[in-house]
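Take a look at the structure below.
Note on naming: letters A, B, ... go to the chains in the order of the sequence lines (proteins, then strands), and numbering restarts at 1 for each one.
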Protein chains: 2
Amino acid sequence: MDELDRAILRELQSDARKSNRDVAAAVGVSPSTALERTRALRRRGIIRGALLDVDLASIGRPVQALIAVRIRPPSRPVIEGFRDWVASLPETLGVFVTSGNEDFIVHVAVPDNDSLYAFVIDRLTQRREIADVRTSVVYEHLRNGSPEPVD
Amino acid sequence: MDELDRAILRELQSDARKSNRDVAAAVGVSPSTALERTRALRRRGIIRGALLDVDLASIGRPVQALIAVRIRPPSRPVIEGFRDWVASLPETLGVFVTSGNEDFIVHVAVPDNDSLYAFVIDRLTQRREIADVRTSVVYEHLRNGSPEPVD
DNA sequence: CGTGAAAATTTGCGGAT
DNA sequence: ATCCGCAAATTTTCACG
C-alpha cells in the first residue's frame with residue numbers, strides 16, 4: 001500500500017464506477033499502470049467489490065430501523081444460527097454482531113411503520129432464542145463512503 | 001419501475017461495476033436499451049451512485065464499534081450540530097440519527113482498542129452536549145447489498 | 001511503469017414494431 | 001413510446017521496451 005495505491009483507492013471511493021482512464025489521469029499515471037494496481041488491490045482483497053447505492057425510499061422501503069437483540073444462550077451455535085437467519089430476511093440491510101448490552105444490531109428497511117411493527121412482533125419475536133428486543137427508528141443515515149487508510 | 005428496471009437494478013446490485021453489455025445480456029435486452037434504462041434510473045434518483053467496498057482491516061482499521069449517544073437538549077440545532085461534527089470525523093463510517101433510547105448510533109472503524117477508547121473518552125466525551133455514551137464492539141458486520149424493491 | 005495497437009465496450013441515432 | 005441495430009468514439013487490455 002504505497003501512496004499510489006492510496007490515491008487510486010481515494011478516486012474509486014469517490015465513484016466506484018469511475019473509468020480506469022479517469023482514475024489514471026487523476027493520480028498521474030498511465031492507464032495500464034492504474035489498471036494493474038487496481039487489479040492488485042482486488043487480488044489482495046483490499047477492494048472487495050462495488051456496491052450500488054440505491055435510494056431505499058424509491059424502491060418502496062422508506063422506513064429504516066435499528067433493532068437491538070439479546071439472545072439466550074449466547075453460545076456459538078445459537079449466535080450463528082440467529083445471525084444467518086436474520087441476515088437472510090428480505091427486510092434486513094445489515095447485521096452487526098456485537099459485544100456489550102446486546103448481541104446483535106439489525107438494520108432493516110421496510111415500507112411503513114406497520115411493516116416494522118409486524119417484522120418485530122411477528123417474525124423476530126417468534127424466535128425462541130430472543131431474550132430482548134429494542135427498536136429504534138432511523139430518521140437519517142449518513143455514510144462516509146471513503147474511509148481513509150491509516151499507518 | 002417496471003420489471004426491466006427491477007432486473008437491471010438486481011444485476012447492478014450484484015456488482016455495481018458490471019459492464020452495460022453484461023447487464024443487457026443478463027436481462028435480455030440490447031445494450032442501448034439497458035444503457036438508457038440505467039441512465040433513467042440515475043436521473044430519477046433511484047440509483048445514487050456506486051460505493052467501493054473496501055476491506056477495513058487491510059487499510060489499518062480492523063476494529064469496528066457502534067457507539068450509542070444521547071444528546072441534551074435534543075433540539076434541532078444541537079442534534080444537527082453534533083450530527084455534522086461526528087459525521088466528519090475520520091474514524092466515522094456512518095451515523096444513524098434515531099428515535100428511542102438514544103439520539104445517535106455512530107459506526108466507527110479504528111486501528112485498535114486503544115484508539116477506540118481514545119476516540120470515546122478524548123473526542124466524543126469532550127462535547128458538552130453529550131449526556132450518555134454506550135459503546136459496543138462489532139465482531140462482525142454482514143451486509144445485504146441487494147435490498148429488493150416492494151409493491 | 002509507459003507506449004502503442006488490438007479488442008471490447010459505450011454511446012447516439014435512425015429506423016422498426 | 002419503447003426497443004433494436006449499427007457505426008463511431010471511447011475505453012480496456014496486454015505484449016513489449
Side-chain angles (χ1 to χ4, degrees), chain A residues 1-62 111 143 145-151, chain B residues 1-61 143 145-151:
Chain A
M1 276 287 280
D2 60 8
E3 189 47 52
L4 180 53
D5 286 330
R6 281 190 285 273
I8 289 173
L9 218 48
R10 268 197 303 279
E11 288 304 315
L12 288 175
Q13 279 174 330
S14 81
D15 174 8
R17 290 208 51 138
K18 189 168 285 187
S19 78
N20 180 64
R21 177 184 156 279
D22 286 351
V23 171
V27 304
V29 296
S30 75
S32 57
T33 300
L35 182 63
E36 185 42 41
R37 289 296 192 120
T38 304
R39 282 182 175 163
L41 288 168
R42 243 176 206 278
R43 271 199 308 275
R44 289 197 276 156
I46 296 172
I47 293 177
R48 306 213 283 199
L51 302 172
L52 200 66
D53 184 6
V54 172
D55 180 61
L56 292 166
S58 49
I59 60 169
R61 299 169 60 176
R143 288 203 242 184
S146 304
E148 284 171 28
V150 293
D151 282 8
Chain B
M1 278 287 279
D2 59 10
E3 190 46 52
L4 180 54
D5 286 329
R6 280 190 286 273
I8 289 173
L9 218 48
R10 267 197 305 277
E11 288 304 316
L12 289 175
Q13 279 174 330
S14 82
D15 174 8
R17 291 207 52 135
K18 187 167 287 186
S19 78
N20 181 64
R21 176 185 153 280
D22 286 352
V23 172
V27 305
V29 295
S30 74
S32 52
T33 299
L35 182 63
E36 185 43 41
R37 289 294 191 121
T38 305
R39 283 181 174 163
L41 288 169
R42 248 177 200 278
R43 271 198 308 276
R44 291 195 276 157
I46 297 173
I47 293 177
R48 306 214 282 198
L51 303 173
L52 200 67
D53 185 6
V54 173
D55 180 60
L56 292 165
S58 49
I59 61 170
R61 298 169 60 177
R143 288 202 246 183
S146 303
E148 284 171 28
V150 293
D151 283 5

Taken to the nearest 0.5 Å, the spacing of B:Q13 CD from A:I59 CD1 works out to 6.5 Å
Donor-acceptor pair, B:R10 side chain versus B:E148 backbone, under 3.5 Å?
-> no
Result block: side-chain N/O donor-acceptor pairs under 3.5 angstrom for residues 22-31 of chain A, not counting sequence neighbours:
residue: A:S30; atom: OG; partner: A:S32; partner atom: OG; Å: 3.1
residue: A:S30; atom: OG; partner: A:T33; partner atom: N; Å: 3.4
residue: A:S30; atom: OG; partner: A:T33; partner atom: OG1; Å: 3.2

Gap between atom CZ of B:R42 and atom CD1 of B:I46 - 0.5 Å precision | 12.5 Å
A:G60 versus B:V150, closest heavy-atom pair with distance = O-CG2, 3.2 Å
Look only at the side chain of B:D53 and the backbone of A:L51, and say whether a donor-acceptor pair between them is shorter than 3.5 Å.
-> no
Side chain to side chain contact (heavy atoms under 4.5 Å, CB included) partners for A:P62, two or more places apart = A:A57
May I ask you to decide if B:A16's main-chain N or O and A:R17's side chain share a donor-acceptor pair within less than 3.5 Å?
-> yes
Contact list (N/O, under 3.5 angstrom) for nucleotides 14-17 of chain C vs protein:
none

Between the CG atom in A:D55 and the CZ atom in B:R48, the distance rounded to the nearest 0.5 Å is 5.0 Å
Residues 23-38 of chain A vs salt bridge (Lys or Arg N to Asp or Glu O under 4.0 Å), sequence neighbours excluded, gives A:D2-A:R37, A:D5-A:R37, A:E36-A:R43
Using heavy atoms and a sub-4.0 Å distance, could you list which residues of residues 47-54 of chain A are near DNA chain C? By number, please.
-> none
In the 5'-to-3' direction, what one-character label does each nucleotide of nucleotides 3-17 of chain D receive under the scheme B = base within less than 4.0 Å of a protein heavy atom, S = sugar-phosphate only, - = no such atom?
-> SBB-----SSSB---
